[in-house]
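Numbering starts at 1 and runs along the sequence shown. Note that the structure is predicted; figures quoted are calculated from it, not measured. Values below: all heavy atoms of this structure, side chains included; hydrogens, waters and symmetry mates excluded.
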Amino acid sequence: MGDTGRRSSPEQCPRQEPTPMPRIALYTLVVCVLAVAAAVVSFAQGSWLGIVWVLLAGLTSNMTWYYIKRDRAA
């Protein structure tokens, strides 16, 4: 009759493994974590320079999500 889309044996269906994180996303994630740590240290020392670190952490966080989503869509 017609094809139902079912496979007859499991070895015909290849397993899809998750793709690794793109390198640029990994770098932006590392910068984000370091910026958060720098902001915590800066605020703990009473410096308002921590605001710059918080802004940098927000920027790199958004870059990380962008590159991860772009890689998954490809």
Within residues 29-43 or reaching into it, pairs that qualify as side-chain hydrogen bond (donor to acceptor under 3.5 Å, both in side chains) - sequence neighbours excluded: none
Those residues that, when tested against A38, pass side-chain contact (heavy atoms from CB on, under 4.5 Å) (two or more places apart): W53
Residues which pass side-chain contact (heavy atoms from CB on, under 4.5 Å) with V30, listed by chain and number, not counting sequence neighbours: L34
Nearest heavy atoms of A57 and C32, plus distance in Å: O-SG, 3.5 Å
Exercise: identify the closest heavy-atom pair between G50 and A39: O-CB, 3.8 Å
Same apolar cluster: F43 and V52, side chain cutoff 4.5 Å: no
May I have the list of side-chain donor-acceptor pairs in residues 63-74 shorter than 3.5 Å, sequence neighbours left out?
{"from": "T64", "atom 1": "OG1", "to": "T28", "atom 2": "OG1", "distance (Å)": "2.7"}
{"from": "T64", "atom 1": "OG1", "to": "L29", "atom 2": "N", "distance (Å)": "3.3"}
{"from": "T64", "atom 1": "OG1", "to": "T60", "atom 2": "O", "distance (Å)": "2.8"}

